[in-house]
Structures are given as structure tokens and as C-alpha cells.
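Worksheet: the structure to be examined is printed underneath.
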Amino acid sequence: MIYTILLKNKFRNCTDGATHVADKICHAVRTLAIPHQNSQVSPYVTISVGFTTEIPQPDSDLEEMISAADWALYQAKAAGRDRLVQNILLPKSKNSR
């Protein structure tokens, strides 16, 4: 299953805020200790989180953000699951158009 969470920038640094929220979600799922007999990672259900952050601009590309977060999610899974990975989108240069 894949879920999307959009956060309003209430943190001074949006990457730190997203990391904090993702870490809290991972911890909350671990704390539930839901048995998972078929897992090669843990005897309990865990989650992997991939995320990206961006302060929206008029030329922001939603598809690019989704792709960046999706890439990070697959990196988290490939690294052993039960972890979070961020994929930072660099601001587009006005000269790159």
C-alpha cells in the first residue's frame, strides 16, 4: 500500500519537519507491534517511507515531486525496509528553461 501525506510548512526547515513526521509515523507503527509472520525484516509490521520536500513555486511540477518521493520509497525498500529515505529536489534555475 502507498499513502501520501501533504504537510503544511509549520517547521522552519521543511526537510526537518518532514523527517520528524516520517520518523514519528514509523515509530508509531513499530509501537503497535502487529505480528507479521512472513516478514524477512521483522517479526512485526514495519513501514518504509520515501519523501521529498518542496516549497511550491508557480512552475512546480507535481509529477516530478511524486516521482522523487516514489524513487525514495523504493530506495528505502531496497535498503532493507523499516526506514525512511528522502530525495531532495533542487530548485530549478531560471536559466535552465
Side-chain angles (χ1 to χ4, degrees):
M1 299 179 132
I2 297 176
Y3 296 93
T4 301
I5 300 172
L6 299 176
L7 303 173
K8 183 176 180 182
N9 187 16
K10 71 175 195 168
F11 298 92
R12 190 170 7 154
N13 178 314
C14 60
T15 301
D16 289 347
T19 302
H20 174 75
V21 171
D23 192 45
K24 284 184 75 167
I25 293 169
C26 289
H27 177 73
V29 170
R30 276 188 225 105
T31 301
L32 292 172
I34 300 167
H36 190 328
Q37 296 172 335
N38 298 326
S39 174
Q40 298 175 359
V41 177
S42 169
Y44 302 103
V45 170
T46 63
I47 63 170
S48 299
V49 176
F51 69 92
T52 190
T53 58
E54 181 178 10
I55 297 172
Q57 303 297 315
D59 63 345
S60 291
D61 184 345
L62 180 60
E63 292 297 322
E64 182 180 28
M65 282 189 71
I66 292 169
S67 292
D70 189 53
W71 180 88
L73 173 61
Y74 284 97
Q75 292 301 307
K77 289 181 176 186
R81 303 185 181 224
D82 190 24
R83 64 194 68 233
L84 53 103
V85 172
Q86 69 178 2
N87 184 6
I88 299 172
L89 288 176
L90 299 175
K92 294 177 185 164
S93 167
K94 291 181 182 179
N95 297 329
S96 68
R97 293 190 190 116

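Predicted model, so just to flag it, every value in this text is computed and none were measured.
Here R81 pairs with nothing under the salt bridge (Lys or Arg N to Asp or Glu O under 4.0 Å) rule; sequence neighbours left out.
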### Message
Set out, in order, the CA-CA distance, both residues' side-chain angles and the distance that settles side-chain contact (heavy atoms from CB on, under 4.5 Å) for C26 and V49, then state yes or no.
### Response
CA-CA 8 Å; C26 289; V49 176; 3.6 Å; yes
### Query
Checking side-chain contact (heavy atoms from CB on, under 4.5 Å) for the pair T53/Q86: CA distance, chi angles, key distance, verdict?
CA-CA 8 Å; T53 58; Q86 69 178 2; 5.9 Å; no
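Between T52 atom OG1 and I88 atom CD1 the span is 7.5 Å, to the nearest 0.5 Å. To the nearest 0.5 Å, atoms CG (L32) and OH (Y44) are separated by 12.0 Å. Distance check: E54 CD to T15 OG1 gives 11.0 Å after rounding to the nearest 0.5 Å.
Nearest heavy atoms, L73 versus S48: CD1-O, 3.5 Å.
The closest donor-acceptor contact from the side chain of N87 to the backbone of A68 lies under 3.5 Å.
A 4.5 Å side-chain heavy-atom check between H27 and R30 finds at least one atom pair inside the cut-off.
Every pair tested for side chain to side chain donor-acceptor pair (under 3.5 Å) that includes a residue from residues 67-77 fails, sequence neighbours excluded, so the list is empty.
The cluster map of Ile, Leu, Val, Met, Phe, Trp and Tyr, joined by side-chain heavy atoms under 4.5 Å apart, puts V21 and L84 in the same cluster. No chain of hydrophobic side-chain contacts below 4.5 Å, direct or via other Ile, Leu, Val, Met, Phe, Trp or Tyr residues, connects V29 to V85.
I66 belongs to a hydrophobic cluster with L62, counting contacts under 4.5 Å between side-chain heavy atoms of Ile, Leu, Val, Met, Phe, Trp and Tyr, direct or through other members.
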